Number of protein chains: 2
Amino acid sequence: MRTLLHLRFRVAEIKNVTVFLLTDLERSNYECEKYRMFWEDALVKERVTVVDIAHAAGVSKSTVSLVLQGSPLVNEVTRAKVNATIRELGYVYNRSAANLRQSKSKIIGIVVNDLTNSFFAELAVGVDAVVQSAGFVQFLANTSEKIERQREVVASMREHGVSGLIISPARGTEAADLAPLVDSGIPVVLVVRDIADAGVSSLTSDNHAGAVAAVRHLIERGHRRIAFLGGFPDTAVFEARMRGYRDALLEAGLDAADALVVGSAPSRAGGVTAIEQAMMLADRPTAALCFNDAVAFGVCDGLRARRLEPGADFAVIGFDDVIEAKTAVPALTTVSVDPQGMGQRAAELLLKQINAGRAEAESIIGSVRLVVRQSCGAAIERRTREALS
Amino acid sequence: MRTLLHLRFRVAEIKNVTVFLLTDLERSNYECEKYRMFWEDALVKERVTVVDIAHAAGVSKSTVSLVLQGSPLVNEVTRAKVNATIRELGYVYNRSAANLRQSKSKIIGIVVNDLTNSFFAELAVGVDAVVQSAGFVQFLANTSEKIERQREVVASMREHGVSGLIISPARGTEAADLAPLVDSGIPVVLVVRDIADAGVSSLTSDNHAGAVAAVRHLIERGHRRIAFLGGFPDTAVFEARMRGYRDALLEAGLDAADALVVGSAPSRAGGVTAIEQAMMLADRPTAALCFNDAVAFGVCDGLRARRLEPGADFAVIGFDDVIEAKTAVPALTTVSVDPQGMGQRAAELLLKQINAGRAEAESIIGSVRLVVRQSCGAAIERRTREALS
DNA sequence: CTTGAAATTTGGAACGATCTAAATTATTCG
DNA sequence: CGAATAATTTAGATCGTTCCAAATTTCAAG
């Protein structure tokens with residue numbers, strides 16, 4: 001036999017609803033239905049709050065609040081009752097109200113300079129994973145490299161009370177642009193691109209060492225005319241990678257001709273134009289270190305357009321190790337930066353600072369490693385070697 | 001001669017600060033400095049609120065609020081004074097408080113099933129552009145195709161009071177999963193994947209027509225054994241595209257052998273495995289329509305691994321028209337879905353519903369068009385034709 | 001001057017949670 | 001059984017904004 005719950009309401013005001021739950025089988029079904037309608041009406045009319053839950057469960061709003069916070073102070077029986085009511089009335093927690101009172105939120109902001117670049121999309125995914133599991137949600141904004149837009153989104157995030165910010169700064173961002181944000185005391189972690197004297201933590205990768213390793217590898221494989229292709233020359237990342245390229249050449253006693261360094265947009269399309277320009281040189285390069293993987297893919301495209309097979313006829317090395325690098329044909333030799341892992345570490349660093357209250361700014365330079373695949377010709381050489389032996 | 005501003009404070013309570021601005025040159029610099037320190041101390045200690053601004057500017061908090069909202073009711077002189085004070089004290093608007101009072105926010109949520117797929121990254125960029133210019137910010141979450149994660153993020157977004165939601169549902173999402181959200185009355189726009197009977201607006205693309213157009217094109221170019229490669233067979237999008245493929249074959253009197261339809265993950269890696277499987281068939285296909293561009297790129301990679309040149313030796317058509325499709329080599333023939341444009345339209349649809357309060361659910365099926373580039377062999381044929389004429 | 005209308009400004013009550021300090025109830029133990 | 005203690009529960013203030021209704025000031029016309 002199932003027990004019917006009959007519900008009676010006393011509607012004091014439009015919002016002040018007291019609910020009596022009676023297991024009274026004598027009430028007619030009609031009456032039950034009637035009041036149920038009242039009830040549902042009240043539900044759709046106004047949003048359910050802790051006070052409603054408190055009334056319905058027959059406790060005070062303080063108790064409901066304690067239950068919501070999972071406090072150990074509240075009796076198990078009470079907790080169960082409150083939780084049941086919460087589910088029954090379809091209560092939705094209002095974080096705006098909580099944020100207001102506690103003056104802290106469970107939101108972190110992440111602003112990237114180019115979301116269409118899969119490096120940054122993966123970075124965001126890495127951040128998301130960590131941040132979600134810590135009970136935060138992320139505000140994500142894309143600046144498209146525009147400083148003005150960056151200013152806007154950062155301001156907007158501050159207004160929403162984010163408790164921390166992960167920023168991959170737009171091109172040309174200066175310490176002064178970040179000053180108001182930093183002064184406000186909100187933890188900030190810079191990723192990918194560091195900004196001198198900004199006084200905040202940063203997480204970059206060892207671009208110089210990566211470039212050195214890549215160029216050394218090309219030199220070992222016998223290349224002498226090595227180009228550096230793609231990227232905007234006015235960024236710190238470009239500067240570091242290019243310096244690594246230069247240093248490795250000098251170390252080997254090779255000259256680093258300026259003509260072999262050709263900048264371009266750090267995209268696939270940019271890679272195509274960069275390799276075209278490089279191949280116009282009288283003394284053509286036989287290998288290239290590319291600013292990033294997107295450029296490297298573009299370079300492969302450009303080579304094919306000239307009937308050259310990347311890997312076999314021309315060695316290509318990328319930078320970043322995006323997901324596609326592994327499955328591309330030929331698989332891309334690249335300096336692995338692990339964007340998702342970087343996002344995760346950035347998120348962890350940020351969370352640490354948020355929890356610590358006020359931490360010293362730390363600069364972490366993540367190590368990178370050269371992942372040798374086919375596009376630099378290694379596999380082909382190995383095959384040849386195997387055939388000979 | 002420059003005028004020095006001397007500042008004197010009366011500190012009633014820790015937070016109740018009244019500021020008198022006097023142009024009084026008789027006050028000593030020392031005193032000025034002393035009070036400035038008080039001032040700055042107050043600034044770092046507590047956050048600046050409308051009340052602080054009101055006191056400092058000598059008006060009521062109501063007036064400050066009106067200025068903040070750009071109300072035409074307030075006198076120009078007053079407005080200027082208040083704005084100056086706001087800038088001076090470095091006031092930051094607290095949206096949590098405003099949201100609480102107004103019970104509405106300027107936040108929209110966007111949840112995608114796979115952010116590492118550049119189709120969705122671009123979709124998000126499109127949404128962001130529209131939404132930002134309407135003064136909203138976006139919460140972005142990535143579900144990685146996991147229904148449980150999707151449930152969590154949607155709940156979290158509701159708690160934060162988003163005024164609307166754009167969802168590209170995870171695989172296997174049912175109308176029942178969305179019911180509580182829909183019942184709450186929050187405007188929802190489904191993108192990419194529609195869900196039957198969910199009762200919400202949706203914005204999909206004409207997958208059937210796109211597939212038909214693509215396959216017709218291949219048939220016109222003389223292909224008879226055409227494969228359909230990639231994608232998870234249990235999604236509506238797969239179903240629609242595959243049906244279009246079938247219909248176009250039948251229309252031409254060709255038989256649609258089951259063996260020529262090979263599913264896989266809708267990624268580059270999936271494309272590689274799909275084409276490998278298809279090429280194992282006794283009666284190999286000479287062309288393929290791929291589930292999406294990522295698969296198509298994978299198929300090209302797989303072909304090259306077999307020493308076949310996409311475009312010349314095997315015709316490949318993709319679906320989506322992601323940014324890279326244009327610059328790839330060979331440029332990818334694909335059914336253009338315009339992810340950024342789709343994101344923009346979804347955002348516009350959502351904003352319309354938010355402003356309208358309660359709008360009828362509308363299902364928009366965006367038209368698609370076949371963009372013929374090189375990967376289906378068209379360019380080669382054209383070149384041949386030109387050579388002959 | 002008045003006077004009435006128009007233009008500005010304002011006090012104080014919301015919004016929905018949390019938190020403190022105090023009140024209430026339950027339990028233990030001599 | 002009563003006091004002491006532990007375990008629960010609660011009233012009421014508070015966070016920073018908006019909004020209503022009412023107060024105040026300004027201004028033009030009589």
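Everything quoted here is computed from the prediction, not taken from an experiment. Chain letters run A, B, ... following the sequence lines, proteins first and then strands; every chain starts at 1.
- Distance from the side chain of B:Leu66 is smallest for C:dT9 among the nucleotides C:dC19, C:dT9, D:dT9.
- In this structure, A:Lys104 places its NZ atom 16 Å from P of C:dA17, rounding to the nearest Å.
- The CG-P distance, from A:Leu100 to C:dA17, rounds to 12 Å in whole Å.
- One side chain, A:Ser60 or A:Thr63, offers a donor N or O that lies under 3.5 Å from an acceptor on the other.
- Rounded to a whole Å, the CZ atom of A:Arg101 is 12 Å from the P atom of D:dA13.
- Within the 4.0 Å cut-off from OP1 or OP2 of D:dT17, not a single side-chain nitrogen or oxygen of B:Gln102 is found.
- Side chain of B:Ser202 to main chain of B:Val191: no donor-acceptor pair is present (N/O by atom type, distance under 3.5 Å, no hydrogens or angles).
- Electrostatic pairing of B:Arg151 and B:Glu148 counts as a salt bridge here, judged by a charged N lying under 4.0 Å from a carboxylate O.
- Each of A:Tyr93 and B:Thr78 has a nearest nucleotide on DNA chain C; the 5'-most of these lies closest to B:Thr78.
- Looking at B:Ser62, its side chain comes within 3.5 Å of the base of C:dG11 through a donor and an acceptor atom.
- Nucleic acid contact for B:Val59: sugar-phosphate only, since backbone atoms but no base atoms lie under 4.0 Å from a heavy atom of the residue.
- Per the geometry, NZ belonging to B:Lys61 stands 6 Å off C1' belonging to C:dG11, to the nearest Å.
- Applying the 4.0 Å criterion to OP1 and OP2 of C:dT18, one finds that A:Ser65 has a side-chain N or O inside that range.
- Following rounding to the nearest Å, B:Asn99 (CG) and D:dC15 (P) show an atom-to-atom distance of 19 Å.
- D:dT18 atom C1' lies 12 Å from atom CG of B:Asn94, rounded to whole Å.
- The B:Arg47 side chain lies nearest to D:dG16 when the options are C:dA17, D:dG16, D:dT8.
- For C:dT10, the OP1/OP2 oxygens have a side-chain nitrogen or oxygen of B:Ser60 closer than 4.0 Å.
- Rounded to a whole Å, the CZ atom of B:Arg95 is 14 Å from the C1' atom of D:dT18.
- In B:Lys81, the NZ atom is crowded: over 12 heavy atoms of neighbouring residues, nucleotides or ligands sit closer than 6.0 Å.
- Between A:Thr63 and D:dT10, a side-chain N or O to OP1/OP2 separation shorter than 4.0 Å is present.
- If you measure from atom CG of A:Leu73 to atom C1' of C:dA22, you get 14 Å, rounded to the nearest angstrom.
- The pair A:Lys106-B:Glu159 does not count as a salt bridge, with every side-chain nitrogen at least 4.0 angstrom from each carboxylate oxygen.
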